[in-house]
Every structure is written in C-alpha cells, then in structure tokens.
Amino acid sequence: MTEGAGDAEAVSRFVERFAAQLVEAGMTRMPARVFAALMASDSGAMTSAELGEQLQVSPAAVSGAVRYLSQQHLVSREREPGSRRERYRVHSNQWYEAFTSRDALLKRWSDSLREGVASLGADTPAGRRLAENVAFFDFLQGELGAIMERWREHRERLFGQS
C-alpha cells in the first residue's frame with residue numbers, strides 16, 4: 001500500500017468508496033480510482049507502478065487515467081530527481097485549480113451560445129433558450145472569481161499561508 005497511509009484495508013475501502021462517488025458524479029472509473037488513491041497517499045504522489053500495484057491495474061490503465069486527470073487539472077506530473085520515472089501528484093488545492101480552469105470553458109460555451117442566438121434569432125424560442133443559457137454562464141463566470149477569492153481567504157484562516 002502507500003507509504004504509511006494507515007491500515008491498507010481501510011485505505012482500499014476509502015479509495016473504492018470515494019471513487020464510486022466520483023463515478024456517480026460523472027468521472028470515469030479508472031481516473032476516479034487513481035485520483036482517490038493519490039488523495040489517500042501520505043505524500044499525495046505515486047509512480048505509475050505504485051498506482052498499478054495498489055489498484056491491481058495495468059500501466060496502460062494508469063497512463064490513460066493520469067492523462068485524463070491532468071487535462072482536468074486534478075493531477076500534475078513530476079520527474080523523480082535523477083530518474084526518468086514520473087510521479088503523479090495531487091495538491092491540497094487541486095479542486096481550486098480545477099474549478100478555476102473552468103472559467104475559460106464557460107467563456108467558450110458562452111461565446112458559442114451567443115453565436116447561436118445571433119444565428120437563430122433572439123426572438124425565436126430556440127434563440128431565447130440559448131440566450132438564457134448565455135446569461136447563466138455569464139452569471140457563473142462573474143460569481144466564480146468572487147467565490148474563489150472568498151475561498152482563498154477562508155483557506156488562509158483555516159490552514160495558514162500555503
């Protein structure tokens with residue numbers, strides 16, 4: 001199991017339970033399991049071989065999962081000093097980073113929907129529906145920055161400077 005992460009059986013139960021919850025929320029199974037395993041490790045970092053051994057999966061399965069998690073800004077890759085092996089790491093602020101990266105996605109969606117409103121006509125039922133979605137994404141973008149700032153302040157109060 002991972003470096004001193006407690007009772008191996010309890011850790012395994014946590015990993016599978018948390019992964020199942022992530023799957024229910026829409027994440028695919030293998031990335032969910034890899035993410036949960038990294039979260040449960042003391043260092044927050046493991047090699048592909050360590051993840052494969054803990055989860056009883058192939059290196060290819062780990063590789064695909066890490067690729068997905070990296071794209072979602074939930075895991076970062078780092079080289080072991082003096083080695084070609086990579087370690088995969090979660091950070092305490094990975095959710096913050098993942099949500100912050102959604103801002104660009106919201107803007108792209110909003111821009112595309114605006115084009116749809118212009119193409120379909122703002123006075124058509126479809127145009128009005130798209131316009132409401134534009135307003136929703138614009139609202140989320142406006143609120144996201146304020147929420148993240150409040151989180152940074154709250155985190156500092158709870159855990160100190162990081």
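- Residues Arg89 and Leu38 are not in side-chain contact: their nearest non-hydrogen atoms beyond the backbone lie 4.5 Å or more apart.
- Between the side chains of Ser83 and Arg79, not a single donor N or O lies within less than 3.5 Å of an accepting N or O.
- Under a hydrophobic clustering in which Ile, Leu, Val, Met, Phe, Trp and Tyr are joined whenever their side-chain heavy atoms come within less than 4.5 Å, directly or via other members, Trp109 and Phe136 fall into the same cluster.
- Under the 3.5 Å distance criterion, the side-chain polar atoms of Ser12 are left unmatched by any main-chain donor or acceptor of Ala8.
- Shortest non-hydrogen contact noted between Ala40 and Val15 is CB-CG2, 4.0 Å.
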Going by atom type alone, with no hydrogens or angles, which donor-acceptor pairs under 3.5 Å involve a side-chain atom of residues 65-76 and a protein atom two or more places apart or on another chain?
residue	atom	partner	partner atom	Å
Ser70	OG	Val66	O	2.9
Gln72	OE1	Arg102	NH2	2.7
Ser76	OG	His91	NE2	3.0

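- Tracing side-chain contacts under 4.5 Å through hydrophobic residues (I, L, V, M, F, W, Y), one reaches Leu140 starting from Leu105; they form part of the same cluster.
- Rounding to the nearest 0.5 Å gives a distance of 12.0 Å between CZ of Arg17 and CG of Leu22.
- Gly116 and Leu130 get closest at one heavy-atom pair: C-CD1, 3.7 Å.
- Val23 and Leu55 end up in different hydrophobic clusters when Ile, Leu, Val, Met, Phe, Trp and Tyr side chains are linked at under 4.5 Å.
- Considering CZ of Arg33 and CD of Gln56, their distance stands at 9.0 Å, rounded to 0.5 Å.
- Shown here for Ser110 and Gln141, the closest heavy-atom pair between the two residues is CB-OE1, 4.3 Å.
- Ring-plane geometry between Trp151 and His154 is classed as tilted, the angle between the planes lying from 30 to 60 degrees on a 0 to 90 degree scale.
- Residues Tyr96 and Phe99 are members of one and the same hydrophobic cluster, defined by side-chain heavy-atom contacts under 4.5 angstrom among Ile, Leu, Val, Met, Phe, Trp and Tyr.
- Of all non-hydrogen atoms in Gly44 and Ser41, the two that sit nearest each other are N-OG, 3.0 Å.
- Atom CD of Glu132 sits in a sparse spot, with 12 or fewer heavy atoms from other residues, nucleotides or ligands closer than 6.0 Å.
- Contact between Arg128 and Ala122 at its shortest, heavy atoms only, is CG-O, 3.2 Å.
- Between Glu156 and Glu153 there is no side-chain heavy-atom pair separated by less than 4.5 Å.
- Taking the six-membered ring where the residue is Trp, Trp95 and Phe35 present perpendicular rings, their angle passing 60° and hence far from 30°.
- Residues Tyr88 and Val34 fail the side-chain proximity criterion, which asks for heavy atoms closer than 4.5 Å.
- Ion pair Arg13/Glu9 flagged as a salt bridge, since at least one NZ, NE, NH1 or NH2 atom sits closer than 4.0 Å to an Asp/Glu carboxylate oxygen.
- The pair Asp111-Arg114 meets the salt-bridge criterion, since a charged nitrogen lies less than 4.0 angstrom from a carboxylate oxygen.
- Using a cutoff of 4.0 Å between basic side-chain nitrogens and carboxylate oxygens, Glu149 and Arg152 are scored as salt-bridged.
- Here the side chain of Ser119 pairs a donor or acceptor atom with the backbone of Glu115 at under 3.5 angstrom.
- For Arg29 (side chain) and Ala19 (main-chain N/O), no donor-acceptor pair under 3.5 Å exists by modelled atom type.
- When all heavy atoms of Val62 and Gly52 are compared, the pair lying nearest together is CG2-N, 3.8 Å.
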